[in-house]
Amino acid sequence: MTRPLPGAVVTPGGHPATTTATATYLFAVCHGCDPAVLTGLAGQAAGAPVRLLRFGSLEAVVQDVPAEMFGEEALRERLANRAELEHCARAHHAVVAAAAGRAPTLPLPLATLYLSDERARAALCEDENRFRSVMGRIAGRVEWGVKVYAAPGRPPPTRPERTGPPAPAAAPTTTTLTATAPPETTTAARTGTRPGHAYLDRARGARRAREERQEAGLNAAASVDRALRDIAVAGRRLRSHDTGVTGAGRVQLLNAAYLVEKGREADLIGAVELLRTSPGYERVELEVTGPWVPYSFVDGGDLDADQ
């Protein structure tokens, strides 16, 4: 589960070497961060201070963690547990967010580890130019997440009621009974349609209705994406979640992240609210989260990509 930067050291079998009692855990890279903002943060190891590790003209936010708890197999077991994964992710994000609140900050992936400060510094120095480029791209900007779901079971919008004058009353009519099929004769018999054919017609109609709903939902999601890209500096379409994550019946049509200038958050939220009440969006649900540190834009995130 570890995702080291280029230069991280592992054993030939893929396991971190265990020649030291601690490893260096990396949270983020920043520029001009005040060490005081890290004071008191728990990080990933209670009792070990979160600190800055300087390299070149930048700093990395790091912490000493027990090597035996953060080896490849130990991490795989811990992070396979959903509760443990959420705990580690929240701890990681808390440190990243604290640094980002005070300085340009590039978040690093969860569980980025090195055997020592020296190895971490050497690898970080090799990537310094890339870090500076990415930080220049995300400085002064935040990430917003937008998800679009198909609204299950929602009936199509009804036609508006007639507002003009009422239609004139029909003239009385006289019904004349003639010899017809007996009352128990079915509609299928009168129309010459076999029951099996009627069933197939209903099935085809239901399938067409589902396809039309799906197409309408996808068109609405595409419209949301286009509208928000006009506001954002960059956008990125992410892999959609299946119903195992979203919940039974909640089909995700769009999972996207948008890089937005600080100060334009109200524009994005306003655009979403306008779309929610616009014709053609009755069959979808829109969900907005943020602002976040721009996790989705630290590695080629200025380009649209399906992940």
Side-chain angles (χ1 to χ4, degrees), residues 2-8 22-65 88-145 232-236 257-266 268 289-303:
T2 55
R3 299 181 60 186
L5 294 165
T22 62
T24 301
Y25 185 104
L26 277 65
F27 296 92
V29 170
C30 54
H31 181 245
C33 184
D34 181 359
V37 304
L38 308 177
T39 303
L41 294 175
Q44 301 287 11
V50 178
R51 55 189 173 84
L52 295 178
L53 175 67
R54 301 192 182 278
F55 67 97
S57 59
L58 303 175
E59 310 98 36
V61 182
V62 304
Q63 185 181 34
D64 293 331
V65 296
C88 291
R90 289 179 184 277
H92 185 93
H93 175 69
V95 174
V96 172
R102 291 295 186 89
T105 299
L106 186 159
L108 295 176
L110 182 69
T112 299
L113 291 155
Y114 286 88
L115 299 180
S116 65
D117 283 5
E118 291 72 22
R119 291 185 182 275
R121 183 181 285 111
L124 291 164
C125 284
E126 290 181 4
D127 241 358
E128 182 178 358
N129 289 338
R130 183 180 70 85
F131 291 147
R132 294 183 66 85
S133 175
V134 174
M135 290 173 68
R137 180 169 66 235
I138 66 177
R141 297 164 176 170
V142 292
E143 177 176 328
W144 284 82
V233 175
R236 193 169 201 184
Y258 300 94
L259 188 64
V260 180
E261 296 279 3
K262 290 181 179 178
R264 295 210 65 187
E265 293 94 336
L268 183 137
T289 60
W292 306 104
V293 179
Y295 287 93
S296 299
F297 298 90
V298 299
D299 185 14
D302 54 337
L303 301 174

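Numbers here are sequence positions counted from 1.
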*asked:* For Asp117, is there any backbone N or O sitting under 3.5 Å from a side-chain donor or acceptor partner on Thr24?
replied: yes
_Please find the pair of heavy atoms, one from Gly43 and one from Val95, that lie closest to each other, and give the distance._
CA-CG2, 3.9 Å
_Close side-chain approach of Val65 and Leu113, heavy atoms under 4.5 Å_ = yes
*Over all atoms of both residues, closest heavy-atom pair of Cys33 and Leu52*: O-CD1, 3.5 Å
*Look up atom CZ in Arg264 and atom CG in Leu259, then write down how far apart they are to the nearest 0.5 Å.*
12.0 Å
*Determine whether Val29 and Asp127 make a side-chain contact, defined as any pair of heavy atoms from C-beta on separated by less than 4.5 Å.*
no
*Just by modelled atom types, is the Val37 backbone N or O under 3.5 Å from a matching donor or acceptor in the Arg102 side chain?*
no
*Output the distance between atom SG (Cys125) and atom CZ (Phe131), rounded to the nearest 0.5 Å.*
9.5 Å
_Once rounded to the nearest 0.5 Å, what's the spacing between atom CD of Gln63 and atom CZ of Arg51?_
9.0 Å
*What are the two closest non-hydrogen atoms of Phe297 and Ile138, and how far apart are they?*
O-CG2, 3.9 Å
_Atom pair CG/CZ of Leu41 and Phe27 - distance to nearest 0.5 Å_ = 8.5 Å
*Might you point out which heavy atoms bring Arg121 and Arg54 nearest each other, and give the distance in Å?*
NE-O, 2.9 Å
*Verify the ring-centre separation between His93 and Tyr295: is it less than 6.0 angstrom?*
yes
*Check whether any side-chain heavy atom of Pro291 sits under 4.5 Å from a side-chain heavy atom of Trp144, and report yes or no.*
yes
_Minimum heavy-atom separation for Val142 and Pro294, please, with both atom names._
CA-CG, 4.2 Å
*Atom pair CG (Leu58) and CG (Leu106), whose distance is rounded to the nearest 0.5 Å*: 9.5 Å
*Distance in Å, Thr22 OG1 paired with Leu115 CG, rounded so as to fall on 0.5 Å steps*: 9.5 Å
*Is a donor on one side and an acceptor on the other found under 3.5 Å between the side chain of Glu128 and the backbone of Ser57?*
yes
*Between His92 (side chain) and Gln44 (backbone), is there a donor-acceptor pair under 3.5 Å?*
no
*asked:* Has Tyr258 got a side-chain atom pairing as donor or acceptor with Glu143's backbone, closer than 3.5 angstrom?
replied: no
*What closest approach, in Å, do Val293 and Ala97 show between heavy atoms, and which atom pair accounts for it?*
CG2-CA, 4.2 Å
